[in-house]
Amino acid sequence: MSFLEQALEAIRRTKPRNVVFFTGAGVSAESGIPTFRGAGGLWRNFRAEDLATPAAFARDPELVLEWYEWRRGLIRAAEPNAAHQAIARMADAVVVTQNVDGLHARAGSRNVIELHGNIFRERPSGAHMRPDVVWFGEMPYGMDDIFAALREADLFVSIGTSGAVYPAAGFVQAAAANGARTLELNLVPSEGTRWFHEARHGRAGELVPGWVDELLA
Ligand code: BV8
């Protein structure tokens with residue numbers, strides 16, 4: 001075994017102290033919630049980018065509110081899956097999620113940062129109440145806490161995200177710049193897969209429990 005391989009092996013064997021999970025729609029796919037960019041991610045032939053914007057809401061608030069109500073119905077009928085439950089077994093980990101479905105908290109994760117908000121919260125917007133989620137062009141939530149976690153992280157694990165949306169898609173680079181090891185667990189290589197030290201591809205419901213077992217062994 002080369003010196004580099006020995007070093008990597010040694011790093012793998014050291015138990016990480018500060019784990020940051022970063023999740024996207026793919027972690028909830030096996031709970032029956034459609035992802036944004038995969039098959040079934042459309043609603044009445046609209047793309048999320050067409051509806052998750054202040055302009056779409058200003059233009060047709062009823063249409064946007066109907067889309068969110070349709071998604072709430074899917075989420076109410078959904079249960080956290082084996083990936084959410086495995087993540088929750090790492091009680092001290094920080095979970096930074098792009099998802100608005102609340103499934104990490106329902107699975108028992110305690111340190112969850114919902115950087116794109118939560119579909120079951122509402123806030124006023126002009127004459128209408130609107131979902132308290134972050135639309136395109138709006139400031140994501142919890143950025144200070146997220147970057148504090150990325151500074152402390154010694155392991156950054158990205159699960160079920162296409163790496164298509166910023167600033168979230170840049171978190172892996174911030175983690176790596178702070179010395180964290182980075183791992184992608186995704187169905188297919190994401191748009192940012194080149195930023196990861198290691199990548200494993202498959203369904204989160206199978207990959208994540210096995211990986212957590214390995215880590216906690
Ligand atoms: C901001 C919440 C300024 C609402 C969402 C050009 C360059 C860089 C940036 C920009 C640019 N032009 C515009 C921007 C900014 C823009 C952006 O990034 N646009 C993109 C399209 C280019 N970003 C913004 O506007 C953000 N705000 O920039 O404000 C600012 C910035 C910094 C500081 C201050 C101010 C706000 C973006 C938030 C938008 N809101 N959602 C809602 O849910 O309704 S976005 C939505 O899509 C998600 O929240 C998520 O963030 C994003 C990506 O979705 P994913 O979760 O990754 O899902 P996706 O379907 O794409 O992928 C699923 C993955 O899972 C796939 O890889 C698939 O293979 C995998 N998978 C599927 N099944 C499984 C699986 N993996 C494992 N197991 C399975 N079973």
Side-chain angles (χ1 to χ4, degrees), residues 21-43 46-57 63-72 74-75 78 80-84 86-87 95-104 113-123 125 130-147 150 157-174 183-193 195-196 199-211:
F21 286 107
F22 171 59
T23 68
V27 80
S28 296
E30 289 157 84
S31 296
I33 299 171
T35 62
F36 285 87
R37 291 167 184 83
L42 289 179
W43 176 75
F46 284 99
R47 296 180 320 127
E49 279 80 358
D50 304 331
L51 294 168
T53 71
F57 186 67
L63 178 77
V64 173
L65 292 174
E66 198 184 329
W67 179 50
Y68 279 94
E69 199 38 47
W70 173 72
R71 289 172 64 195
R72 286 192 193 99
L74 291 178
I75 296 165
N81 63 55
H84 297 107
I87 289 166
V95 181
V96 177
T97 187
Q98 301 172 93
N99 300 338
V100 297
D101 58 31
L103 288 183
H104 284 299
I113 303 176
E114 295 178 316
L115 93 142
H116 289 161
N118 185 298
I119 199 168
F120 292 106
R121 265 201 325 264
E122 283 193 317
R123 63 180 172 85
S125 170
R130 58 164 279 182
D132 188 14
V133 298
V134 176
W135 282 333
F136 287 98
E138 295 185 331
M139 168 76 140
Y141 289 136
M143 296 292 280
D144 293 344
D145 292 342
I146 292 168
F147 278 99
L150 296 177
V157 188
S158 176
I159 304 172
T161 181
S162 59
V165 172
Y166 287 83
F171 293 161
V172 55
Q173 291 166 262
L183 168 67
E184 173 176 88
L185 302 177
N186 204 60
L187 193 63
V188 294
S190 72
E191 291 184 25
T193 199
W195 301 113
F196 289 88
R200 299 184 192 180
H201 297 126
R203 295 154 64 94
E206 289 142 26
L207 272 184
V208 182
W211 179 80

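In listed order, ligands and their atoms are each counted from 1. Atoms considered below: every heavy atom in the structure, side chains included; atoms not considered: hydrogens, waters and symmetry mates. All values reported here derive from a predicted model rather than from experimental measurement.
At least one side-chain heavy atom of Val27 sits less than 4.5 Å from a side-chain heavy atom of Ile87. The closest side-chain heavy-atom distance from Leu115 to Val96 is below 4.5 Å. Counting heavy atoms from C-beta on, the side chains of Leu150 and Phe171 come closer than 4.5 Å. The shortest distance between side-chain heavy atoms of Leu103 and Ile33 falls below 4.5 Å.
Aromatic ring centroids of Trp135 and Phe57 lie under 6.0 Å apart.
Atoms of ligand 1 found under 4.0 Å from any heavy atom of Arg71 (numbered from 1 in listed order, with element): 42 (C), 43 (O), 44 (O). Counting atoms of ligand 1 from 1 in the listed order, those under 4.0 Å from a heavy atom of Tyr68 are 4 (C), 42 (C), 44 (O). Listed by number with element, the atoms of ligand 1 under 4.0 Å from a non-hydrogen atom of Met139 are 33 (C), 34 (C), 35 (C). Which parts of ligand 1 touch Val165 is read off a 4.0 Å heavy-atom cut-off, strictly below it: atoms 18 (O), 37 (C), 47 (O), 52 (C), 53 (C). Remark: ligand 1 atoms within the under-4.0 Å shell around heavy atoms of Ala204 are 77 (C), 78 (N), 79 (C). Counting the atoms of ligand 1 from 1 in the order shown, those under 4.0 Å from a heavy atom of Val188 are 69 (O). Counting atoms of ligand 1 from 1 in the listed order, those under 4.0 Å from a heavy atom of Gly24 are 56 (O). Annotation for ligand 1: atoms under 4.0 Å from non-hydrogen atoms of Val100 are 43 (O).
What sits closest to atom 70 (C) of ligand 1 on the protein, heavy atoms only, is Asn186 OD1, 3.6 Å. The single protein non-hydrogen atom nearest to atom 48 (C) of ligand 1 is Phe36 CE1, 3.7 Å, given as residue, atom name and distance. Among all non-hydrogen protein atoms, the one lying nearest atom 79 (C) of ligand 1 is Gly26 O, 3.4 Å. In terms of protein heavy atoms, atom 63 (C) of ligand 1 is closest to Gly160 O, 3.8 Å. In this structure, atom 76 (N) of ligand 1 lies nearest to the protein heavy atom Leu187 N, 3.2 Å. The single protein non-hydrogen atom nearest to atom 73 (N) of ligand 1 is Ala29 CB, 3.6 Å, given as residue, atom name and distance. Scanning the protein for heavy atoms near atom 17 (C) of ligand 1, the closest one is Tyr166 N, 3.9 Å. Of all protein heavy atoms, the one lying nearest to atom 25 (O) of ligand 1 is Gly137 N, 2.6 Å.
Judged purely by atom type and a 3.5 angstrom limit, Gln173 has no side-chain atom pairing as donor or acceptor with the backbone of Trp195. Of the possible polar contacts, none joining the Asn99 side chain to the Asp101 backbone as a donor-acceptor pair under 3.5 Å is found. At least one donor-acceptor pair under 3.5 Å links the side chain of Glu30 to the backbone N or O of Gly205. The backbone N or O of Gly142 lies less than 3.5 Å from no partner atom in the side chain of Asp145, so there is not a single donor-acceptor pair. Proximity of a side-chain donor or acceptor of Ser28 to a complementary backbone N or O of Ser31 within less than 3.5 Å is not detected. Side-chain atoms of Asn186 come within 3.5 Å of backbone N or O of Gly160 as a donor-acceptor pair.
For Ala164, the closest heavy-atom approach to ligand 1 falls below 4.0 Å. Heavy atoms of Gly202 approach ligand 1 to within less than 4.0 angstrom. No heavy atom of Ala48 sits closer than 4.0 Å to any atom of ligand 1. Under a 4.0 Å heavy-atom criterion, Ala168 is not in contact with ligand 1.
For the atom pair Arg121 CZ and Arg130 CZ, the distance stands at 11.0 Å (nearest 0.5 Å). Atom CG of Leu185 sits about 11.5 Å away from atom OG1 of Thr23, to the nearest 0.5 Å. Taking OG1 from Thr161 and CZ from Arg37, the interatomic distance works out to 8.0 Å, rounded to the nearest 0.5 Å. Here the CZ atom belonging to Arg200 is positioned 11.5 Å from the CD1 atom belonging to Ile159, to the nearest 0.5 angstrom.
With a 4.0 Å heavy-atom cut-off, ligand 1 is reached by the backbone of Ala25 and by its side chain too. Counting heavy atoms under 4.0 Å from ligand 1, residue Thr161 touches it through both backbone and side chain.
Of the candidates His116, Glu122, Glu114, Glu114 is the only one forming a side chain to side chain donor-acceptor pair (under 3.5 Å) with Asn118.
Among all heavy-atom pairs drawn from Gln98 and Gly24, the shortest one is NE2-CA, 3.7 Å.
Comparing Glu49, His116, Glu114 by heavy-atom distance to atom 41 (N) of ligand 1, the nearest is His116. For atom 36 (C) of ligand 1, the nearest non-hydrogen atom from the set Glu206, Arg37, Glu138, Glu30 belongs to Glu138. The option from Gln98, Arg203, Met143 that lies nearest to atom 51 (O) of ligand 1, judged by heavy atoms, is Gln98. The heavy atom nearest to atom 4 (C) of ligand 1, out of those in Leu185, Leu115, Val134, is found in Val134.
Atom 6 (C) of ligand 1 is not flagged as protein-proximal [any protein heavy atom, distance under 4.0 Å]. Remark: atom 10 (C) of ligand 1 lies closer than 4.0 Å to no protein heavy atom. For atom 14 (C) of ligand 1, the nearest protein heavy atom lies 4.0 Å away or farther.
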